[in-house]
Every structure is written in structure tokens, then in C-alpha cells.
Amino acid sequence: MNGVLLNLAVTGGYYASGEAGLEQELVRGQITPLWPPTGIAVACLLLFGRRVWPGIALGAFLVNVPLGPSGWVFAIVLGNTIAPLVSYALLRRADFRTELDRLRDALALVFLGALLAMLVSSTVGTGALVLAGALDADEFWPAWSVWWTGDAMGVLVVVPVLLALRAAWPGRRILTAPAWRWAEAAALLICTGLVALGSLHSTLNMLFVIFPFLIWAAYRFQLPGAAPCVLIISVLAIFAAGSASGPFHGHDLFAQMFTLQALNGSAALTALVLSAMVTERNETRERIEAVCAQLAEVVVRLAPGERGAPERRWDEGDDTKGEGDGGKAEGDDAKGEGDDAKGEGDGGSDAGRRGR
């Protein structure tokens with residue numbers, strides 16, 4: 001794809017997802033507990049490289065310029081652009097693979113790409129709001145926690161979904177799946193949504209009941225199943241936090257964001273790590289089976305030659321023995337002829353004696 005068109009597509013995706021994310025704003029109309037544009041930015045960097053950073057910067061500018069504050073928008077845009085670049089650099093440094101099929105890839109995405117790198121955007125953005133007078137100094141940490149949570153959740157929730165779609169679509173493995181796999185996947189998503197909805201709006205602390213469904217998704221479907229389940233749980237948790245229901249009821253903003261980040265981070269970490277471990281196990285088993293099949297073919301090819309060589313040696317030995325026996329028979333015939341000649345000689349001697 002042409003570089004200009006690619007950057008325009010990135011800008012469009014960033015802007016559209018930003019407008020959707022602002023529907024759940026919690027602080028000053030521009031800080032949300034889930035910021036999808038960050039996930040789109042990191043995914044585009046992982047798939048297309050650094051050449052898409054202008055599209056990310058332009059998208060961040062278009063989203064933030066109507067929100068202000070005037071004169072500090074460029075600082076916020078700078079933070080929103082640098083943070084995905086830092087995430088991309090850290091993941092490249094960790095030898096991250098977009099297939100997310102290794103344990104180290106899942107850990108790198110959670111701790112480096114999301115939790116660590118997003119400290120940049122949250123600190124720069126919240127600091128700009130405080131310096132501009134849009135926030136009081138004592139509001140820094142609550143606003144910072146929401147900003148950091150939103151950007152980190154954007155990476156943890158959006159990036160795995162986009163990478164899973166990108167990995168599955170070229171081979172059209174999704175479209176060729178049997179009907180019973182589609183039925184199981186649909187049942188998994190429906191059950192995950194219903195259980196998450198019930199636990200997030202219950203007065204009882206029942207958040208732990210969502211984890212068996214994450215295990216089910218990771219074990220049976222790996223990343224293509226785990227990523228959508230994490231997305232469902234995270235979106236429902238954000239709506240629950242916004243309405244201060246369930247486990248978020250009766251807490252201040254900082255406590256709500258801490259609970260939200262703990263829940264979504266634990267869900268993402270469980271699903272991604274388990275799916276990566278299952279994928280690694282399956283790939284190892286496939287490699288072992290391939291090696292065993294190759295060894296079996298080698299044995300089949302070598303086994304007839306190994307059995308045939310001694311038979312040929314025995315045959316050759318029998319021929320040699322036969323030739324030896326034939327030579328011995330000829331020797332016996334020659335000996336018999338010698339004995340006959342000796343007998344004739346003895347007969348001649350007797351006739352001579354009688355003549356004398």
C-alpha cells in the first residue's frame with residue numbers, strides 16, 4: 001500500500017476509535033478508562049513499522065484539538081505519539097513476534113508494551129493539563145490513573161484482537177472451520193458476556209468466576225478465542241466502573257481505576273499467557289510428530305536393504321560352496337580315473353610276469 005494512503009488509513013482508524021472511546025470519558029471530557037487509539041497505533045507500528053507515525057500524530061491531533069486546552073494540545077499529541085513508539089521500540093527490543101505464540105511475547109506485550117510504555121502518555125498528558133490550569137494539582141494522580149489505565153487497556157485489549165485477525169484472515173482458517181467449532185465459539189462468547197455482566201453488577205464479589213471462561217478460550221482457541229473474550233470483559237468492566245456498580249461501588253476514582261486495571265490486567269495476562277503456552281505446546285508436539293514420521297520413513301527405506309544384504313551374502317556363500325563341491329566332485333572323478341589307470345597298469349604287469 002502507498003505510504004500516504006496507509007497513513008491516511010491509520011489516521012482514520014485512530015480518529016474513529018478515539019471518538020468512540022470518548023463516549024466513556026471520566027475526567028474533563030477527554031480522559032477515558034479505555035483508549036482504543038493507542039492499541040490501533042501500536043498494532044499498526046508492529047505490522048507496518050515506524051513509517052506510520054505521521055498518521056498516528058495526525059489522528060491524535062484531530063482527536064485532541066477540539067478538547068484543548070489551548071496552547072497545550074501539541075504536548076498531549078506529542079505524548080500520544082511517543083508512547084506507541086516507545087511501546088514498539090520495547091517490543092522490538094524484546095524480539096516480539098506478532099503471532100503471539102510464545103510465552104515471552106505475551107509477557108512482553110503486557111509488561112513492556114502496555115504497562116511500562118503507557119507511563120509516557122499518561123504522565124505527559126496529565127502534566128500538560130495541570131500546567132495549563134485545566135486540572136488542579138491535587139487532581140493529578142486520579143487523572144493520571146485514568147489516563148494510564150485507558151492507554152494500557154487500549155494496548156492489552158485492542159492489539160491482540162487486531163493481531164489475531166491479521167494472522168487468521170490471510171489463510172482464511174476462520175472461514176474453513178467446521179460448524180461445531182463455530183457453535184462452540186459462539187457459546188463461549190455468549191457465556192463469557194453473561195457471566196461477566198452478572199459478576200460486574202452483583203453486590204457480591206464474584207469477579208473470579210470469569211477466569212474459567214478465559215481458560216476455556218485460551219485452551220480451545222488460543223489467541224483467536226482469548227482476545228475477543230478479554231475485549232468483552234474489559235468493555236463490560238469499563239461500563240461498570242463508569243456507573244460505579246458492582247465492585248466499583250462506593251470507591252473514589254483512583255480506587256475504581258486501580259480495581260479496573262487489576263481486573264483487566266489479570267484477565268489479559270491470564271488469557272494471553274495461557275494461549276501462548278498452549279500454542280507453544282501444540283507446535284512442539286507437531287514438530288515431534290514430524291520428526292517421528294521422518295524417522296519412520298528412513299527406517300522403512302533402510303530396513304529392506306539391511307535384510308537383503310545378508311541374504312545376498314548367504315546366496316553368494318552357497319554358490320561358492322556349490323562351486324567348491326563341484327570342484328571336489330571333479331577331483332573325485334579325476335581320482336577315479338587315476339585309480340582305473342592304476343588298475344590297468346597292474347593288469348599289464350601281471351600279463352608280463354605270466355609271459356616270462
Side-chain angles (χ1 to χ4, degrees), residues 10 14 17 21 32-53 55-57 60 78-127 144-167 214 218 222-224 226-227 229-231 233-234 237 257-258 260-280:
V10 173
Y14 193 105
S17 61
T32 72
L34 175 63
W35 189 238
T38 303
I40 291 178
V42 174
C44 290
L45 287 169
L46 290 172
L47 296 176
F48 304 109
R50 292 188 181 91
R51 59 178 175 150
V52 299
W53 75 263
I56 297 172
L78 181 65
N80 288 348
T81 305
I82 292 178
L85 289 171
V86 171
S87 176
Y88 171 73
L90 291 174
L91 293 175
R92 286 290 300 273
R93 185 76 174 177
D95 191 26
F96 178 83
R97 294 200 317 209
T98 56
E99 293 80 7
L100 269 173
D101 55 356
R102 300 178 301 176
L103 177 60
R104 60 183 296 178
D105 298 329
L107 296 176
L109 181 64
V110 173
F111 292 104
L112 298 179
L115 301 183
L116 180 60
M118 295 307 114
L119 294 173
V120 176
S121 56
S122 59
T123 303
V124 173
T126 309
W144 179 91
S145 66
V146 179
W147 200 311
W148 179 63
T149 300
D151 284 357
M153 286 302 100
V155 175
L156 291 179
V157 172
V158 177
V159 171
V161 173
L162 295 179
L163 294 182
L165 290 175
R166 186 255 184 183
L214 293 175
Q222 289 80 63
L223 184 63
C229 288
V230 172
L231 176 62
I233 293 171
S234 298
M257 291 303 101
F258 181 83
L260 180 63
Q261 184 72 306
L263 172 61
N264 290 342
S266 299
L269 182 63
T270 300
L272 295 179
V273 168
L274 186 57
S275 64
M277 292 176 64
V278 173
T279 302
E280 278 188 321

[X] versus [Y]: any side-chain heavy-atom pair under 4.5 Å?
| X | Y | result |
| --- | --- | --- |
| Leu46 | Arg166 | no |
| Phe96 | Leu90 | no |
| Pro160 | Leu272 | yes |
| Asp105 | Leu109 | no |
| Leu269 | Leu107 | yes |

For [X] and [Y], indicate whether the former's side chain and the latter's backbone hold a donor-acceptor pair under 3.5 Å.
| X | Y | answer |
| --- | --- | --- |
| Ser17 | Tyr14 | yes |
| Arg104 | Ala94 | yes |
| Ser121 | Met118 | yes |
| Ser87 | Ala83 | no |
| Ser122 | Leu119 | yes |
| Asp101 | Thr279 | no |

Which atom names give the shortest non-hydrogen contact between [X] and [Y], and what distance separates them?
| X | Y | value |
| --- | --- | --- |
| Ile56 | Asn80 | CG2-O, 4.3 Å |
| Leu91 | Val42 | CD1-CG1, 4.4 Å |
| Ala237 | Leu263 | CB-CD2, 3.8 Å |
| Leu115 | Ala152 | CD2-CB, 4.2 Å |
| Met153 | Asn264 | SD-CB, 2.8 Å |
| Leu116 | Leu112 | CB-O, 3.8 Å |

Does Val124 form a side chain to side chain contact (heavy atoms under 4.5 Å, CB included) with Ile82? I'd like the steps, not just the answer. CA-CA 10 Å; Val124 173; Ile82 292 178; over 6 Å; no

Take Trp148 and Met257 through the test side chain to side chain contact (heavy atoms under 4.5 Å, CB included) and record every step on the way to the result. CA-CA 9 Å; Trp148 179 63; Met257 291 303 101; over 6 Å; no

Using 0.5 Å steps for rounding, measure from the CG atom of Leu231 to the CG atom of Leu156.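 So the gap between those two atoms works out to 12.0 Å.
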
Quick one: pull up OG1 in Thr98 and CG in Leu47 and give me the separation to the nearest 0.5 Å.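 Those atoms lie 6.5 Å apart.
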
Taking CZ in Arg50 as the centre, count heavy atoms belonging to other residues, nucleotides or ligands within less than 6.0 Å. Is the count above 12?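 12 or below, so no.
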
